[in-house]
Amino acid sequence: MSQKAVRIVRPVSFISSRSSARSAARRIEDAAQAVFTLCAFSSIFAVSAITLYMIANGLPALYKLGIREILFSSVWKPTAQVPAFGILYIVLTSIAGTVMAVLIGAPPAVLTAVFLAEAAPKPLAAVVRPAVELLAGIPSVIYGLLGVMVLNPLVYKWECILFRDSETHQFTGGANLLSAVLVLAVMILPTVINISEAAIEAVPQQLKDSSLALGASRMQTVFTVILPAAKPGIITAVVLGTGRAIGEAMAINLVSGGSVNMPFPFCSVRFLTTAIVSEMGYAAGLHRQVLFTIGMVLFGFIMVINLILNRILKKR
């Protein structure tokens, strides 16, 4: 009788232990879900708060001066006796500088990602990858200092050669749009390289094997099979690099010159970010409100970039 009783008790204890384990796992999952939900709502709240803050501080200047006076005027003299707050050249500089930086920096970044993912020997890749990660970790002000000490004198030599017979050109000492674009092109490299490499490595091995089995060479496989398959990830990398470029301030403030001009390569220029950094310390009244309006315009650009990115990913 005792043996039979023992045999009956064991299955009951086993079932109860499994049910208690399941209930404990369920409690852990419920707690994790609550934490994740809280984090999601916190992110939504943060973005909403930032958006409302920028709108609340940027709209008063638009009401006082008008959209035409701020966005479509090219005269920026906030401290003059009759102040003018036109940011057209500043907006055009940010757009032109960002586009040029992406056009210069994105192709070599994507090719570097292809090299690391598909062609580099392991010992060499083990050296290049940490170097790329080191580029991402360098503070932006260091890029600006290197630009001032190394890039600006070099660009100034080109400027002297190109405009040696000009009587109207205002020499910038190398602190101009071209220097800013080159610094931005270097700064977006790690973002584009890392994300593009991850996208290339995520391409299924079957696609590569099928291409090679059909007689394609290794480079043909890379450019006709792997890159098209990794295109969504590469586009994501370029868009994120664009966001990094358009939001950069410290490095650009050191190498761009700081004057409000048309965005020509050898002209001293001012970006949206550098306008805020340069003048927020002493701005007051309407001048300060216009700087918040510039921040709202910059925030709008970044939001548009994110919307484009999400749209691309949804289509893919």
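The shown structure was predicted, so the numbers you read here are calculated from the model rather than taken from an experiment.
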Could I get the full list of side chain to side chain donor-acceptor pair (under 3.5 Å) partners for R129, not counting sequence neighbours?
->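 Only E197 meet the side chain to side chain donor-acceptor pair (under 3.5 Å) criterion with R129.
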Listed partners of N57 passing side chain to side chain donor-acceptor pair (under 3.5 Å), at least two apart |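 Counting only residues at least two positions away or on another chain, N57 forms no side chain to side chain donor-acceptor pair (under 3.5 Å).
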May I have the list of side-chain donor-acceptor pairs in residues 33-43 shorter than 3.5 Å, sequence neighbours left out?
{"from": "T37", "atom 1": "OG1", "to": "Q33", "atom 2": "O", "distance (Å)": "2.7"}
{"from": "S42", "atom 1": "OG", "to": "L38", "atom 2": "O", "distance (Å)": "2.7"}
{"from": "S43", "atom 1": "OG", "to": "C39", "atom 2": "O", "distance (Å)": "3.0"}

List the atom pairs, with distances to 0.1 Å, where a side-chain N or O of residues 289-304 and a protein N or O form a donor-acceptor pair under 3.5 Å, not counting sequence neighbours.
{"from": "Q289", "atom 1": "OE1", "to": "K64", "atom 2": "NZ", "distance (Å)": "3.1"}
{"from": "T293", "atom 1": "OG1", "to": "G58", "atom 2": "O", "distance (Å)": "2.7"}
{"from": "T293", "atom 1": "OG1", "to": "Q289", "atom 2": "O", "distance (Å)": "3.1"}

Is there a donor-acceptor pair closer than 3.5 Å between any side-chain N or O of [X] and the backbone N or O of [Y]?
{"X": "S179", "Y": "A175", "answer": "no"}
{"X": "N253", "Y": "A249", "answer": "no"}
{"X": "N176", "Y": "S268", "answer": "no"}
{"X": "S278", "Y": "A275", "answer": "no"}

Closest heavy-atom pair and its distance - [X], [Y]:
{"X": "V127", "Y": "P130", "value": "O-CD, 3.4 Å"}
{"X": "P78", "Y": "P83", "value": "O-CB, 3.6 Å"}
{"X": "I195", "Y": "L240", "value": "CD1-CD1, 3.2 Å"}
{"X": "S217", "Y": "Q220", "value": "N-OE1, 2.9 Å"}
{"X": "Y282", "Y": "T79", "value": "CE1-CG2, 4.2 Å"}
{"X": "A199", "Y": "A230", "value": "O-CB, 3.6 Å"}

Rounded to the nearest 0.5 Å, how far does [atom2] of [Y] lie from [atom1] of [X]?
{"X": "S256", "Y": "L178", "atom1": "OG", "atom2": "CG", "answer": "12.0 Å"}
{"X": "I67", "Y": "E69", "atom1": "CD1", "atom2": "CD", "answer": "12.5 Å"}
{"X": "M280", "Y": "R288", "atom1": "CE", "atom2": "CZ", "answer": "5.0 Å"}
{"X": "Q205", "Y": "L212", "atom1": "CD", "atom2": "CG", "answer": "8.5 Å"}
{"X": "W76", "Y": "I87", "atom1": "CH2", "atom2": "CD1", "answer": "7.5 Å"}
{"X": "K231", "Y": "I200", "atom1": "NZ", "atom2": "CD1", "answer": "14.0 Å"}

side-chain contact (heavy atoms from CB on, under 4.5 Å) evaluation trace for F271 with V277 = CA-CA 10 Å; F271 288 67; V277 170; over 6 Å; no
Are [Y] and [X] linked, directly or through intermediate hydrophobic residues, by side-chain heavy-atom contacts shorter than 4.5 Å (ILVMFWY only)?
{"X": "L92", "Y": "I305", "value": "yes"}
{"X": "Y89", "Y": "L65", "value": "yes"}
{"X": "F264", "Y": "V75", "value": "no"}
{"X": "Y53", "Y": "V47", "value": "no"}
{"X": "I55", "Y": "L62", "value": "yes"}

Side-chain heavy atoms of [X] within contact of [Y], under 4.5 Å:
{"X": "Y143", "Y": "L135", "result": "yes"}
{"X": "V192", "Y": "I234", "result": "no"}
{"X": "V132", "Y": "L189", "result": "no"}

Between side-chain atoms of residues 95-119 and protein atoms elsewhere (two or more places apart, or another chain), which donor-acceptor pairs fall under 3.5 Å?
{"from": "T98", "atom 1": "OG1", "to": "S94", "atom 2": "O", "distance (Å)": "2.7"}
{"from": "T112", "atom 1": "OG1", "to": "P108", "atom 2": "O", "distance (Å)": "2.6"}
{"from": "E118", "atom 1": "OE2", "to": "K208", "atom 2": "NZ", "distance (Å)": "3.0"}

Side chains of S140 and E248, donor plus acceptor under 3.5 Å |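 Distance-only check passes for S140 and E248.
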More than 12 heavy atoms of other residues, nucleotides or ligands under 6.0 Å from CD of E201: is that the case?
->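 Yes, CD of E201 has more than 12 neighbouring heavy atoms, counting only those of other groups under 6.0 Å.
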Do other residues, nucleotides or ligands put more than 12 heavy atoms under 6.0 Å from the CZ atom of F72?
->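 Counting neighbours around CZ of F72, 12 or fewer heavy atoms of other residues, nucleotides or ligands fall under 6.0 Å, so no.
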Assess whether side-chain contact (heavy atoms from CB on, under 4.5 Å) is satisfied between V222 and M219, documenting all intermediate values.
-> CA-CA 5 Å; V222 167; M219 286 299 101; 4.2 Å; yes
SB check R270 E279 (cutoff 4.0 Å) =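 Salt bridge between R270 and E279, a charged N being under 4.0 Å from a carboxylate O: yes.
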Quick one: do V255 and N152 satisfy side-chain contact (heavy atoms from CB on, under 4.5 Å)? Show the steps, please.
-> CA-CA 7 Å; V255 300; N152 281 2; 4.0 Å; yes
Please identify each residue that fulfils ring-ring contact (aromatic ring centres under 6.0 Å, His included) with F163, with sequence neighbours left out.
->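 F163: ring-ring contact (aromatic ring centres under 6.0 Å, His included) contacts with H169, F266.
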Just one of L146, V186, V183 clears the side chain to side chain contact (heavy atoms under 4.5 Å, CB included) bar with L151, so which one?
->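 For L151, the side chain to side chain contact (heavy atoms under 4.5 Å, CB included) test succeeds with only one of L146, V186, V183, which is V183.
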